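Heads up, the thing below is written out as structure tokens.
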Amino acid sequence: MYRIIPSSAPYFVSDIRTLHLTLNGTSNLPRRMGAPASTHLCPRVHRPYLGHVMFSSSRHIMESLGESPDPYSYTSGRWLRRDALERNSRLIHFDFGALCRRVLALCPGANSIASYDKKEGGFNRVFIFHTDKAKRIVARLPFALAGPSRLTTNSEVATIKYLQAKTAIPIPKILDWSDDASNAIGSEYIIMEHASGIPLHEKWPTMDVSDQIKCIKAICQKLKEIVDLDFPAYGSLYFAETPYLPHSKLSLNREFYIGPHSGAIYWNCNVGQPRCYHDINPNQGPCMSLLDTAEYCNGLIDTGISRIPPAKSVSKRPRYQGSIETHQKLLNYGRAMLKEMAKSSRIQNAASPVMFHPDLHKRNIFVSEEDPTVVSAFIDWQSTSIEPAFWYADATPDLAQPVSDPSGEDEIEPKSEACAKAYEACIHFLAPKLSAARSIEEPYLRPFRYCYRTWDDGAVAFREELIQTSRLWEELGFAAPYPFPPLCAEEMTAHQKEYRLFEAAQQLGHGLSGLLARTWLQPDDDEPIRGEDDLREIWPFDLKG
């Protein structure tokens with residue numbers, strides 16, 4: 001969910017102007033910072049499938065379905081901005097019949113698919129096939145914007161296999177996969193067993209607070225196993241026999257290597273926002289050290305520079321976004337600043353290479369339907385990476401986030417407050433690597449988190465980070481002179497004016513998305529606006545592009 005943190009440097013959201021309207025009248029908000037929601041946030045489209053294993057073509061299968069969801073196009077909603085571009089970026093050309101036949105081949109004794117569900121979100125299209133033997137099989141096909149081709153799928157499967165070998169974390173079994181889109185199906189894919197149990201978000205509202213706290217403890221006890229794993233570098237896991245990994249890969253054991261980050265932030269994957277690399281070479285890792293060469297910091301800064309487009313391709317933007325020259329100058333200051341900050345003992349103590357679930361929330365956690373305090377599965381490990389522990393310092397799942405109490409101003413709803421405290425206590429005692437990172441003051445960490453996003457967020461946002469850190473530089477314990485020169489009075493006045501405009505833009509986007517989600521798209525019985533069709537009829541802005 002979009003959020004504004006009341007501080008001098010708020011949490012940044014790059015696509016605050018994009019609200020996704022889903023067909024069942026709910027909003028689909030970004031899954032990750034600057035990215036759309038996961039495959040489990042969109043409505044499920046369910047149609048009976050009457051096909052048989054002997055069908056020879058996708059056309060034959062689709063004709064047998066009659067009124068059925070389009071397997072190839074994005075059909076779960078529309079965007080209020082760049083709609084055609086967003087939907088086209090989620091179009092997958094593949095052989096649906098071949099996928100069905102492969103699923104049946106993986107289910108001994110099954111003769112046909114009785115029905116299927118289609119789910120889709122920002123990064124994947126998911127089919128849940130129900131065979132005539134009452135077995136559920138999940139097939140997930142990534143969109144191109146999920147991450148680098150081949151690497152994203154290979155890394156996710158390798159990560160799951162590694163965790164299954166090294167921990168007891170419950171993860172559904174992978175039955176088949178391919179990171180080569182030239183296969184018979186025509187797309188990269190992962191086919192796996194359906195998670196046992198029921199998604200936690202379906203049980204959470206009816207659980208009493210004592211069971212919610214027990215569930216949080218059970219989740220943290222499971223995740224402790226992944227946090228306790230030791231790694232020698234930052235990056236993502238891959239299978240050792242992968243032939244296309246770069247020479248910089250680092251051997252972890254006979255089966256696995258640490259290679260480049262597979263997350264989309266380091267690659268040319270964003271919708272309508274290509275990375276140009278015209279001023280700098282790609283720098284996706286792996287990174288062997290935070291201190292000696294500042295490799296990790298350079299990777300973040302290089303990513304920020306790689307997003308700056310050529311001057312001729314820049315369209316009109318709000319003035320707080322800043323010029324190309326401004327972005328380049330600020331990122332160069334940022335490089336020097338992060339290099340110096342990386343020498344801090346506090347940063348070093350919170351920089352242990354740590355793996356963590358990349359999208360921990362109630363929809364990706366399955367629990368026993370009979371006893372929701374028993375965790376039965378964790379799903380969606382796409383883009384899992386090994387990062388400095390401080391990267392996960394503010395990674396708080398939705399089940400542990402305090403929410404406002406509707407009965408009183410500035411009050412926290414008691415159950416959510418108890419759950420937040422329980423999560424903090426569990427992390428403190430069960431995951432000391434993360435606990436140390438969570439104790440670090442925000443001024444230490446914000447420059448690391450936002451430097452690679454300057455072109456998306458605006459130059460003024462990162463400049464504010466540099467200013468705030470400069471004011472605390474000595475207090476933070478750095479002996480070297482601060483690498484960002486102080487602004488003169490005139491420059492500071494101009495900056496403050498731009499920053500207020502930036503904050504206003506954030507608040508406007510946040511307010512608009514909240515208004516649509518809470519008021520228009522969740523109406524009561526007397527509301528004239530009942531869903532997307534009604535809203536589109538009266539919407540005053542363009543919905544075509």
Side-chain angles (χ1 to χ4, degrees), residues 32-33 155-172 200 213-238 250 252-253 256-259 261-263 285-290 296 346-362 364-367 373-401 419-440 444-445 448-449:
R32 302 171 186 146
M33 188 181 296
S155 179
E156 181 175 6
V157 176
T159 298
I160 290 174
K161 296 286 188 180
Y162 185 82
L163 292 177
Q164 289 173 331
K166 297 292 185 180
T167 75
I169 295 174
I171 305 173
L200 178 57
I213 291 174
K214 288 179 183 177
C215 184
I216 289 173
K217 182 179 179 181
I219 291 168
C220 292
Q221 287 175 331
K222 298 289 187 184
L223 294 176
K224 169 181 167 57
E225 295 188 55
I226 186 174
V227 176
D228 285 347
L229 294 172
D230 292 323
F231 297 99
Y234 312 125
S236 295
L237 289 186
Y238 300 90
L250 176 69
L252 187 59
N253 57 33
F256 302 96
Y257 274 79
I258 298 177
H261 289 270
S262 64
C287 174
M288 311 301 176
S289 168
L290 182 72
Y296 186 83
R346 296 201 65 189
I347 292 293
Q348 286 293 307
N349 291 338
S352 300
V354 168
M355 180 182 284
F356 199 67
H357 193 287
D359 190 22
L360 188 64
H361 57 66
K362 294 191 291 287
N364 285 336
I365 302 169
F366 279 62
V367 296
T373 67
V374 176
V375 179
S376 59
F378 292 89
I379 65 170
D380 195 0
W381 295 88
Q382 188 178 68
S383 299
T384 300
S385 58
I386 304 161
E387 306 285 351
F390 64 71
W391 189 257
Y392 301 111
D394 67 344
T396 301
D398 55 356
L399 53 85
Q401 292 178 0
C419 289
K421 291 180 178 179
Y423 182 79
E424 288 296 331
C426 288
I427 290 295
H428 178 75
F429 290 107
L430 297 176
K433 291 180 185 177
L434 295 182
S435 179
R438 293 170 77 89
S439 68
I440 293 182
Y444 266 99
L445 303 180
F448 290 91
R449 294 176 185 154

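Model, not experiment: these values are computed from the prediction.
- Distance check: I219 CD1 to I365 CD1 gives 3.5 Å after rounding to the nearest 0.5 Å.
- Judged as a ring pair (Phe, Tyr, Trp, His ring centres under 6.0 Å), and not counting sequence neighbours, Y238 has no contacts.
- Counting only distance, with no hydrogens or angles, the side chain of N349 and the backbone of A436 share no donor-acceptor pair below 3.5 Å.
- Listed by chain and number, the residues in a side-chain hydrogen bond (donor to acceptor under 3.5 Å, both in side chains) with S385 are E387 (sequence neighbours excluded).
- Checked against ring pair (Phe, Tyr, Trp, His ring centres under 6.0 Å), F356 has the following partners two or more places apart in sequence or in another chain: Y392.
- In plain terms, the two heavy atoms of L445 and A437 that are nearest each other are CD1-O, 4.1 Å.
- L430 contributes atom CG, which lies 10.0 Å from atom CG of L223 (distance to the nearest 0.5 angstrom).
- Every residue was checked against the ring pair (Phe, Tyr, Trp, His ring centres under 6.0 Å) condition with F378, not counting sequence neighbours, and none meets it.
- Listed by chain and number, the residues in a side-chain hydrogen bond (donor to acceptor under 3.5 Å, both in side chains) with Q164 amount to none (sequence neighbours excluded).
- With sequence neighbours left out, the side chain to side chain contact (heavy atoms under 4.5 Å, CB included) criterion links P353 to F231, Y234, I386.
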Test I216 against C419 for side chain to side chain contact (heavy atoms under 4.5 Å, CB included), laying out the working first.
CA-CA 8 Å; I216 289 173; C419 289; 3.6 Å; yes

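- The two atoms that bring A218 and V375 nearest to each other are CB-CG2, 3.9 Å, heavy atoms only.
- When all heavy atoms of M355 and T384 are compared, the pair lying nearest together is CG-CG2, 3.6 Å.
- Contact of the H357 side chain with the I226 side chain is not registered, since no non-hydrogen atoms from C-beta on lie closer than 4.5 Å.
- A distance-only check finds a donor-acceptor pair linking the side chain of N364 to the backbone of D359 [under 3.5 Å].
- Residues that satisfy the salt bridge (charged side-chain N to carboxylate O under 4.0 Å, His left out) test with E156, not counting sequence neighbours, are R140.
- Between I169 and W381, the closest side-chain pair of non-hydrogen atoms falls below 4.5 Å.
- For the pair V227 and I427, the minimum side-chain heavy-atom distance is 4.5 Å or more.
- Residues meeting the salt bridge (charged side-chain N to carboxylate O under 4.0 Å, His left out) test with K421, sequence neighbours left out: E417.
- Here the straight-line distance linking atom CG of L399 with atom NZ of K362 works out to 6.0 Å at 0.5 Å rounding.
- Nearest heavy-atom pair across H428 and S435 is ND1-OG, 3.0 Å.
- Judged as a side chain to side chain donor-acceptor pair (under 3.5 Å), the pairs with a partner in residues 219-232 (not counting sequence neighbours) are, in order, K224-D228, D230-K433.
- Side-chain N or O atoms of S155 include one that pairs as donor or acceptor with a backbone N or O of L237 at under 3.5 Å.
- Taking all atoms of both residues into account, the shortest heavy-atom contact from W391 to F448 is CZ3-O, 3.8 Å.
- For the side-chain hydrogen bond (donor to acceptor under 3.5 Å, both in side chains) test, residues two or more places apart in sequence or in another chain that qualify with R438 are T396, E424.
- Scanning for side-chain hydrogen bond (donor to acceptor under 3.5 Å, both in side chains) contacts around S352 gives an empty result, with sequence neighbours left out.
- Contact between G235 and I258 at its shortest, heavy atoms only, is CA-CG2, 4.0 Å.
- Distance check, rounded to the nearest 0.5 Å: CG of D394 to CG of L434 gives 11.0 Å.
- For K161, there are no salt bridge (charged side-chain N to carboxylate O under 4.0 Å, His left out) partners two or more places apart in sequence or in a different chain.
- A donor-acceptor pair is defined here as one N or O able to donate and one able to accept, closer than 3.5 Å; such a pair exists between the side chain of S236 and the backbone of S262.
- To the nearest 0.5 Å, the span separating CD1 on I379 from CD1 on I160 amounts to 10.0 Å.
- Taking 4.5 Å as the limit, some side-chain heavy atom of L252 sits within range of a side-chain heavy atom of P232.
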